[in-house]
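Everything below concerns the one structure shown next.
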Amino acid sequence: MAFSWEPSEFDRTFVVTGTLTVITNYGERVLGYPKPVSVSAENQRDAKAKVKMMLLSRSGLKETHVAGDFLEVTVKS
């Protein structure tokens with residue numbers, strides 16, 4: 001998936017909450033942020049993808065490690 005980390009003029013602000021369940025060589029882990037994350041994106045799908053990639057990259061994991069996606073996106077009001 002290709003998207004820009006930089007905000008564009010068409011972006012809106014979304015709030016992403018929830019967790020990802022991942023499978024690693026060391027077993028199952030749950031990734032998430034302790035508080036809701038505010039992210040700029042063109043749509044809810046892209047907002048979720050950005051947060052998912054941030055969670056995976058900070059743990060050195062890839063999309064193939066994801067066993068469960070429990071991230072939820074809402075429009076920030």
Side-chain angles (χ1 to χ4, degrees):
M1 171 178 295
F3 55 79
S4 173
W5 294 101
E6 298 297 321
S8 81
E9 62 182 299
F10 303 108
D11 282 357
R12 295 170 40 193
T13 302
F14 297 93
V15 176
V16 183
T17 58
T19 60
L20 293 175
T21 302
V22 295
I23 303 295
T24 68
N25 293 340
Y26 306 106
E28 189 174 283
R29 290 177 45 200
V30 175
L31 304 178
Y33 291 107
K35 295 183 178 180
V37 176
S38 183
V39 63
S40 293
E42 190 172 324
N43 55 52
Q44 289 181 310
R45 183 188 46 149
D46 288 351
K48 183 176 181 175
K50 283 184 178 184
V51 172
K52 182 188 276 189
M53 290 303 116
M54 288 188 289
L55 286 169
L56 292 171
S57 66
R58 77 177 187 168
S59 297
L61 301 172
K62 297 179 179 167
E63 181 82 29
T64 55
H65 292 99
V66 177
D69 181 339
F70 306 101
L71 295 175
E72 296 183 15
V73 183
T74 56
V75 177
K76 187 171 184 176
S77 46

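Sequential numbering from 1 along the given sequence is applied to the chain's residues.
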**Study point:** Contact check, side chains of Ile23 and His65, non-hydrogen atoms, under 4.5 Å
**Key:** no
Exercise for review: Identify the two heavy atoms, one from Ser40 and one from Thr13, that lie closest to each other, and give their separation to 0.1 Å.
Suggested key: OG-OG1, 4.2 Å
Practice item. May I have the step-by-step check of side-chain contact (heavy atoms from CB on, under 4.5 Å) for Val51 and Met54, ending in yes or no? Key: CA-CA 5 Å; Val51 172; Met54 288 188 289; 3.8 Å; yes
Study note, to complete from the structure: Here the gap from Leu61 atom CG to Leu20 atom CG, rounded to the nearest 0.5 Å, amounts to 9.5 Å
Review point. Roughly how far apart are Asp69 CG and Lys52 NZ, rounded to 0.5 Å?
Key: 4.0 Å
Exercise for review: State yes or no: do Val15 and Leu31 share one hydrophobic cluster built from I, L, V, M, F, W and Y residues joined by side-chain heavy-atom distances below 4.5 Å, directly or via other members?
Suggested key: no
Review point. Do you know the tightest heavy-atom contact between Arg12 and Val75?
Key: NH2-CG2, 3.3 Å
**Study point:** Val66-Tyr33 co-clustered via ILVMFWY side chain contacts under 4.5 Å
**Key:** yes
Check your understanding: Minimum heavy-atom separation for Ala47 to Ala41, with atom names?
Key -> N-CB, 3.5 Å
Point to revise | Same apolar cluster (I L V M F W Y, side chains within < 4.5 Å links), Leu56/Val73 | key: yes
Review point. If you round to the nearest 0.5 Å, how far is CD of Glu42 from CZ of Phe14?
Key: 9.0 Å
Exercise for review: Side-chain contact test, heavy atoms from C-beta onward, threshold under 4.5 Å: evaluate it for Ser59 versus Val22 and give yes or no.
Suggested key: no
**Study point:** Audit row: Val16, Lys50, side-chain contact (heavy atoms from CB on, under 4.5 Å) steps and yes/no
**Key:** CA-CA 10 Å; Val16 183; Lys50 283 184 178 184; over 6 Å; no
